[in-house]
Amino acid sequence: MNLAETGTRTASSPTQAMPVAAARGIEAWHVPSPVVPMIAIAFTFEGGAAQDPEGKAGTAQMLARLLDEGAGDLSSDAFQEALAARAIELHFHAGPDSVGGSLKMLVKHADEAIRLMALALNAPRLDPIAIERVRSQMTASLRYQQNDPGVMASRRYFREAFPGHPYSRPSSGTTESLAAITRDDLVAMHKTLIGRGCLKVAVVGAVEADGVAAMLEKAFGTLPEKAALTPVPATHIHDLGRRIVVDLDVPQSVIRFGLGGVAWRDPDFIPAYVLNHILGGGAFTSRLFQEVREKRGLAYSVGTSLTSHRAVAMTWGYTATKNERVVEALDVIGDEIARLIADGPSDDELQKAKDYLTGSYALSFDTSTKIANQLVQIAFEGLGMDYIARRNDMVASVTQDDIRRATGRTFADGKMLVVAAGRPVGL
């Protein structure tokens, strides 16, 4: 897989990633790409919103948004000006199971970029004025989302699917939980999440291995060795077969539905991934797109994806349709799942899915930033540095027997947990 360089595209193949070790046990996966004088770094720490304290959902996400709001001796404005002066792109994010970030810079500004990132990770100021500004921004976003059917359906789904589990809490919090978060909570969350022992890093660009090792030491070498994570218990989707309505006065209901899944780390993930493409993952070729949109005009968009969290995996689906056609749309979706359970895909259908998934995979690696993000995710999942080289062969080798096994593990009896936000007729 040799990818041509255009703009920020990389000429190196991600299959050529090599480990680079620095002091203090820090390691990165490195792909040299000398064509353009840029470097992209992606990194992730184990633990995320699932570590939020009880009653204070949104703490991890608030911390992620505050990491570049001033650090060390630099105020928020000074920190942002230092980034902008050298066109350094630094971002942080928090998900259910991880907190991480990305850094992109020209080679000539690498020293300053690494210095700023190290400051943000090691010594975020968490100034009261910045905390209140971010709290205000997050609260305003939540209030706006109260009228968004998609957000409301998703939140209710996770609350019902995983009752009492950390995944039941919204990562972005609630207006009440955000108001309860203190600076001490944010300091404690930083100690909980940020540690070298749960760190994965990928570096792509115009830098050699010894330069990468120096970057790793400067960026992460002074972090605590261990974080203070609380184990997240395994869970499963509750109330399969139940249909829930979130009452909103809108002419069209937004639907979220889910059933079993297979984790990315599981040997059956690739067959389940191919199966998902056939059901709802293929943008224009999936069964749900053809049956729900093309043949019946029930919805503009419909689809499914495999979602793999640390403590649960699921097949996660979405669509939206007129209130009076919600039941019909769900019946069609259920029928297609039942058909796959009973008969599986045709041989031609399976081959086309495999051809698409193998042929399109290179598009995930057409920029340095994409390569870094993909590599760090693969490292986070523990799939091995050779995963990219193996992946297409694994997809191509999926058989009908593999599909049947994956169907049993994901769809089981076909029952779904469904949440519809709107005023669906007859649901």
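- Side chains of Asp185 and Thr59: no donor on one and acceptor on the other come within 3.5 Å.
- Although no hydrogens or angles enter the test, the distance criterion places a donor-acceptor pair under 3.5 Å between the side chain of Asp148 and the main chain of Gly150.
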Side-chain donor-acceptor contacts of residues 244-262 below 3.5 Å, not counting sequence neighbours, with atom names and distances?
{"from": "Asp247", "atom 1": "OD1", "to": "Arg423", "atom 2": "NE", "distance (Å)": "2.8"}
{"from": "Asp247", "atom 1": "OD2", "to": "Arg423", "atom 2": "NH2", "distance (Å)": "3.3"}
{"from": "Ser253", "atom 1": "OG", "to": "Asn323", "atom 2": "OD1", "distance (Å)": "2.5"}
{"from": "Arg256", "atom 1": "NE", "to": "Ser154", "atom 2": "OG", "distance (Å)": "3.1"}

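- For the pair Arg86 and Glu81, the salt-bridge criterion is not met [side-chain N within less than 4.0 Å of a carboxylate O].
- Side-chain atoms of His277 never come within 3.5 Å of backbone atoms of Thr285 as a donor-acceptor pair (strictly under, hydrogens ignored).
- The existence of a salt bridge linking Arg125 and Asp73 is excluded, since no basic side-chain nitrogen approaches an acidic carboxylate oxygen closer than 4.0 Å.
- In terms of modelled atom types and a separation under 3.5 Å, the side chain of Arg135 and the main chain of Ile181 share a donor-acceptor contact.
- Ring-centre distance between His238 and Phe162: not below the 6.0 Å cut-off.
- Here CG of Asn276 is found 3.5 Å from OG1 of Thr304. Values are rounded to the nearest 0.5 Å.
- The heavy-atom pair separating Ser308 from Arg265 by the smallest distance is OG-NH1, 3.8 Å.
- Between Phe284 and Phe289, the ring centre distance stays below 6.0 Å.
- Ionic pairing of Glu46 and Arg310 is present here: one or more N-O contacts between side-chain nitrogen and carboxylate oxygen are shorter than 4.0 angstrom.
- To the nearest 0.5 Å, atoms OG (Ser397) and CZ (Arg390) are separated by 11.0 Å.
- A tilted orientation is assigned to the rings of His309 and Tyr167, their planes being inclined by 30° to 60°.
- Ion pair Glu160/Arg156 flagged as a salt bridge, since at least one NZ, NE, NH1 or NH2 atom sits closer than 4.0 Å to an Asp/Glu carboxylate oxygen.
- Judged by distance alone, the side chain of Arg196 and the main-chain N or O of Leu223 form a donor-acceptor pair under 3.5 Å.
- Of all heavy-atom pairs spanning Ala22 and Leu216, the tightest one is CB-CB, 3.8 Å.
- Contact record, Thr174 with Arg155: CG2-NH1, 4.1 Å, taken as the closest heavy-atom pair.
- Under the 3.5 Å distance criterion, the side-chain polar atoms of Lys218 are left unmatched by any main-chain donor or acceptor of Arg115.
- Between Phe45 and Phe220, the ring-plane angle classifies as perpendicular under the 30° and 60° cut-offs.
- Checked against the 6.0 Å centroid threshold, Trp264 and Tyr273 do not count as a close aromatic pair.
- Considering all non-hydrogen atoms of both residues, Thr319 and Ser301 come closest at OG1-O, 2.9 Å.
- Between Glu217 and Arg24, at least one side-chain nitrogen of the basic residue sits less than 4.0 Å from a carboxylate oxygen of the acidic one, meeting the salt-bridge criterion.
- Between Asp366 and Lys370 there is a salt bridge, since a side-chain N of the basic residue sits under 4.0 Å from a carboxylate O of the acidic one.
- Using modelled atom types, one finds a donor on one side chain and an acceptor on the other under 3.5 Å when comparing Ser141 with Gln145.
- Taking the ring axis of Tyr361 as reference, the NZ or CZ atom of Arg391 stays within 45° of it and closer than 6.0 Å to the ring centre.
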